[in-house]
Structures are given as C-alpha cells and as structure tokens.
Amino acid sequence: MSAPAHETPSSHDTKASAPRGIGPAIGAVFLMATSSIGPGFLTQTSVFTVQMGAAFAFAILLSILVDIAIQLNVWRVLGISGLRANELGNEVLPGLGWVMAVLVFAGGIVFNIGNIAGTGLGTNAMFGIDARIGGAVSAAIAIFVFLSKRAGVALDRIVVALGAIMILLMLYVAIVSQPPVGEALKQTVLPEKVDFLVITTLIGGTVGGYITFAGVHRLIDSGNAGVENLKQINNSSILGIVVIGVMRVLLFLAVLGVVSTGVALSKDNTAADAFYNAAGEFGLRAFGLVLWAAGLSSVIGASYTSVSFVTTQKTPERTRNFLTVGFVAVCAVLYLLLGKAPQTLLIFAGAFNGLILPIGFAVVMWAAWRRKDLLQGYKYPTWLLVIGGLVLILTLFMGVKSISGLSALWA
C-alpha cells in the first residue's frame with residue numbers, strides 16, 4: 001500500500017501518485033484475476049468441459065462478457081469515488097456497508113479454509129507431502145507477505161508471479177493435449193447446446209462475493225483513484241477479466257483435448273486426471289503447482305479483501321496488516337482442526353457470495369445513477385448505466401437462487 005492508509009484518495013492524492021502507479025495497477029489486476037482462480041475454479045471448469053464438450057466455449061464467452069459489464073461499472077464507480085464498496089454502501093444507505101462487510105467476512109473465512117486446503121492438496125500432488133503440512137506452510141507464506149515491511153509491494157509481486165506461473169503451465173498443457181480448436185471456435189458462436197445454469201455458475205465464480213471488489217480495493221488503497229486516473233481504472237478492469245478469460249480458456253482447451261480423444265476422466269479429481277492424461281507424470285506435478293498457486297493467490301486475495309471490508313481507509317496500514325495476518329492464521333488453524341471446510345458451511349458461504357454481488361452491484365449502480373456528488377461531479381456514460389442495469393437484473397436473479405439454496409438447506 002503505497003499511499004498512507006489513513007488518507008482517503010482524492011484527486012490531488014491520486015494525481016501525485018500516478019507516476020508510481022504502474023506496479024500497484026498491475027498488482028490490482030492480478031489480485032482480482034488470481035482471486036477468482038481458486039481450487040474451485042479448476043474443478044468447476046474441468047467438470048463443465050467434460051459435461052458439455054466444445055459447447056462449453058459459448059458459456060465461457062457469455063460469462064466473460066457479463067464479467068466485463070460488471071467490472072467496468074464497479075471499477076469505474078469505486079475508482080472515481082475513491083471509496084471501497086463498504087464505504088460507498090454506508091454513504092448510499094447508512095449501515096448497508098457493514099451488512100456487506102459481515103457477509104464478505106463470514107464467507108471469506110469459510111472459503112479461505114477451502115483455499116488453504118487447496119494449497120495442501122497442491123503440495124501433496126507436487127511432492128507427496130502431507131496435505132496439512134503443505135497447507136500450514138502455504139498459510140505461513142501468505143502471513144509473511146502481509147508482515148513484510150513493504151507489504152503492498154510484496155502483495156503486488158507475488159500475485160503477478162503466481163498468475164504468470166498458472167498461465168504458463170496451463171498454456172503448456174493446452175498445447176500438448178492438442179484440443180480441437182476449430183470446433184471450439186465454431187461452438188463459441190454456434191453452440192450445440194446452451195446451459196444457462198452453467199453460465200450463471202461461471203459468472204458467480206468469477207465475479208461473485210469479494211472477488212468483484214478485490215482488484216479495485218487494491219487500486220484505491222494504492223492511491224490510484226479519481227477522475228484523472230479513469231483511463232487506468234478502465235484498462236485495469238478489462239485486463240483483469242481478460243486474464244481470467246485466458247486462464248479459463250486455456251484450462252478448457254487442456255481438458256477438451258483429453259476428452260476429445262475418448263478418455264474417461266475421473267469424477268473425483270477431473271482436473272488432475274486431465275493434466276495426467278495430457279502430459280503424464282509431469283502433467284500431474286504441473287497440476288499440483290497450478291493448484292497450489294491458485295490456492296495461495298486466493299488465500300491472499302480473500303484475506304486482503306475480507307479485511308478491507310471490515311476496516312476503512314482511516315484504519316492505519318499496520319493495523320490492517322495485523323488483522324489480515326490474524327485472519328489467515330485463524331483460517332489456517334481451523335483448516336488444521338477440520339481438515340477441510342465442512343460441506344454445509346461451504347454451501348452457506350456460496351449463498352453469501354450470491355447475495356454480496358447483487359447488493360454491492362446495486363449500490364454501485366445507484367451511485368452511478370443518482371449520486372454524482374460521490375463521483376466528483378463525473379457524468380456517468382448512459383451506455384454503461386443501461387448495460388449495468390440489465391446485468392443487475394441477472395445478479396438479482398442469482399441472489400434469489402442463493403436465498404433458495406439457503407432455504408433448502410435449512411429445510
């Protein structure tokens with residue numbers, strides 16, 4: 001965090017920090033992208049590819065387009081206002097931001113247990129060591145990042161490095177699996193079948209919950225906010241979605257290449273089996289590294305963003321870092337005690353994720369439409385308002401589905 005934590009970025013602050021903003025801007029992009037690429041991402045994409053084959057390409061395209069519409073609005077409104085989502089929520093309706101904070105924090109704890117478990121499974125696949133030891137060591141690495149004297153710089157560098165590792169390994173496996181790229185391109189626009197439940201799930205997985213706000217919160221905390229940084233804000237939001245899209249496409253092609261040969265993949269560990277069938281023993285080790293990198297980056301992203309929701313920009317940076325360290329430590333202890341996040345808690349956390357997006361996005365769109373005072377007088381583009389409004393309806397539908405899931409669980 002290169003800007004003082006007790007200051008709210010203003011146009012003067014952000015202008016002064018713009019020349020040094022390239023690092024934090026890229027860090028913000030990869031924080032958002034790698035936060036969405038967790039252990040669940042690997043399983044989800046692999047399973048859907050097996051179920052739908054090349055037709056899954058259409059679902060990926062639609063989910064990316066919706067992601068872009070959401071992130072363009074979220075990054076622009078929060079970035080120009082210089083307010084985090086919880087701070088903006090309290091400005092729009094006093095207390096609403098803290099409701100959002102409770103949802104994000106509660107869901108973040110449960111998901112982080114799963115993320116730490118993912119790092120443990122990754123180290124087990126790479127080196128054959130006990131998953132609990134691997135998870136504990138990975139949590140310690142995340143804690144070290146936030147204890148660093150230059151925590152902001154360390155955060156930016158490690159998420160970029162983890163993102164690069166995942167992209168390169170995915171690219172290698174996608175090439176050696178020799179997928180039918182022509183068929184995938186054809187079904188991107190002319191799919192044999194369309195499953196809107198799959199599309200909705202993909203959207204929730206890439207911009208649901210805290211993920212929506214991870215990158216822009218980092219950008220704000222680094223001091224790169226305000227109207228004068230609008231171009232950087234827009235470019236960062238699009239680049240983040242592109243990175244997510246590239247990762248999903250590469251994983252899709254890697255699994256599709258294996259499936260198209262007629263190989264039946266294991267239902268228990270589809271992604272690992274796909275990597276093994278594509279590249280043998282090296283593929284299995286590569287999967288372990290990808291899973292570890294995905295888990296660690298998600299631990300860092302979930303912890304950073306969850307704590308950013310229960311603090312404000314007036315909270316001293318040192319205090320925020322210690323709270324984040326405590327957050328990771330508690331999740332690590334719970335993982336060691338439980339071995340994994342109980343399924344019931346994961347379902348609840350998933351439902352919380354489904355509620356956070358429509359609430360947070362509604363706050364963003366209301367500010368864009370009615371609260372110019374929070375946007376430094378900026379005239380919001382009509383086309384973005386229209387697109388955002390249409391996508392908001394979709395997020396509300398997803399929220400209703402989440403409430404239904406909670407009701408079914410209680411029943």
Criterion side-chain contact (heavy atoms from CB on, under 4.5 Å) on Ile238 and Gln71, from CA distance to verdict: CA-CA 7 Å; Ile238 295 174; Gln71 293 292 358; over 6 Å; no
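- Applying the salt bridge (Lys or Arg N to Asp or Glu O under 4.0 Å) definition to pairs two or more places apart or across chains, none involves residues 178-201.
- The closest side-chain heavy-atom distance from Leu96 to Ile359 is below 4.5 Å.
- The side-chain contact (heavy atoms from CB on, under 4.5 Å) search around Val249 returns Ile60, Leu253, not counting sequence neighbours.
- Taking 4.5 Å as the limit, every side-chain heavy atom of Asn234 sits out of range of all side-chain heavy atoms of Trp75.
- Scanning all heavy atoms of the two residues, the minimum distance from Gly114 to Pro39 falls at O-CG, 4.4 Å.
- Listed by first then second residue, pairs satisfying side chain to side chain donor-acceptor pair (under 3.5 Å) with a partner in residues 151-164 read Asp156-Arg218, not counting sequence neighbours.
- Side-chain contact between Asn73 and Leu392 is absent, with no heavy atoms from C-beta onward closer than 4.5 Å.
- At most 12 non-hydrogen atoms from other residues, nucleotides or ligands lie less than 6.0 angstrom from OH of Tyr276.
- When all heavy atoms are compared, the tightest approach of Met32 to Ile241 is CE-N, 3.7 Å.
- Looking at Thr123, its side chain does come within 3.5 Å of a backbone N or O of Thr119 through a donor-acceptor pair.
- Across every non-hydrogen atom of Val328 and Ala142, the tightest pair is CG1-CB, 4.2 Å.
- The ring-ring contact (aromatic ring centres under 6.0 Å, His included) search around Phe309 returns Phe213, His217, not counting sequence neighbours.
- Residues that satisfy the side chain to side chain donor-acceptor pair (under 3.5 Å) test with Asp273, not counting sequence neighbours, are Asn277.
- The ring-ring contact (aromatic ring centres under 6.0 Å, His included) test applied to Phe252 returns Phe56, not counting sequence neighbours.
- With sequence neighbours excluded, no residue satisfies ring-ring contact (aromatic ring centres under 6.0 Å, His included) with Phe58.
- Between Val255 and Thr45 the shortest side-chain heavy-atom distance does not fall below 4.5 Å.
- Pairs engaging residues 158-182 under the side chain to side chain donor-acceptor pair (under 3.5 Å) rule: none recorded [sequence neighbours left out].
- Atom OG in Ser306 sits 4.0 Å away from atom CZ in Phe327 (nearest 0.5 Å).
- Here the shortest heavy-atom pairing between Ile116 and Ala139 reads CD1-CB, 4.3 Å.
- Between Phe48 atom CZ and Thr270 atom OG1 the span is 11.0 Å, to the nearest 0.5 Å.
- Considering all non-hydrogen atoms of both residues, Asn321 and Phe146 come closest at CB-O, 3.5 Å.
- Judged purely by atom type and a 3.5 angstrom limit, Asn224 has no side-chain atom pairing as donor or acceptor with the backbone of Ile220.
- To the nearest 0.5 angstrom, Ile113 atom CD1 is 4.5 Å from Leu334 atom CG.
- Contact detail for Arg371 and Glu91: the closest heavy-atom pair is NH1-O, 3.3 Å.
- Counting heavy atoms from C-beta on, the side chains of Ile37 and Ser297 never come closer than 4.5 Å.
- Rounding to the nearest 0.5 Å gives a distance of 10.0 Å between CD of Glu317 and OG1 of Thr324.
- Judged by distance alone, the side chain of Glu87 and the main-chain N or O of Arg84 form a donor-acceptor pair under 3.5 Å.
- Ion pairing of Asp130 with Arg132 is absent here, as no side-chain N (NZ or NE/NH1/NH2) approaches a carboxylate O to less than 4.0 Å.
- With sequence neighbours left out, Trp369 forms a ring-ring contact (aromatic ring centres under 6.0 Å, His included) with Trp366.
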Worked verdict on Leu219 versus Val29 for side-chain contact (heavy atoms from CB on, under 4.5 Å): CA-CA 9 Å; Leu219 199 68; Val29 166; over 6 Å; no
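- Evaluation of the salt bridge (Lys or Arg N to Asp or Glu O under 4.0 Å) test over residues 382-396, restricted to residues two or more places apart or in two chains, returns none.
- Among residue pairs with one or both ends in residues 282-291, those qualifying as salt bridge (Lys or Arg N to Asp or Glu O under 4.0 Å) are Glu281-Arg285; sequence neighbours excluded.
- Residues forming a side chain to side chain donor-acceptor pair (under 3.5 Å) with Asn112 (at least two apart in sequence, or on another chain): Asn115, Ser303.
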side-chain contact (heavy atoms from CB on, under 4.5 Å) evaluation trace for Met170 with Leu42: CA-CA 11 Å; Met170 289 286 195; Leu42 299 175; 3.4 Å; yes
Trace of the side-chain contact (heavy atoms from CB on, under 4.5 Å) decision for Val258 with Phe275: CA-CA 8 Å; Val258 175; Phe275 274 58; over 6 Å; no
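- We find the CZ-CG distance between Arg370 and Leu375 to be 13.0 Å, quoted to the nearest 0.5 Å.
- Note that the CG atom of Asn229 and the OG atom of Ser236 stand 9.5 Å from one another [nearest 0.5 Å].
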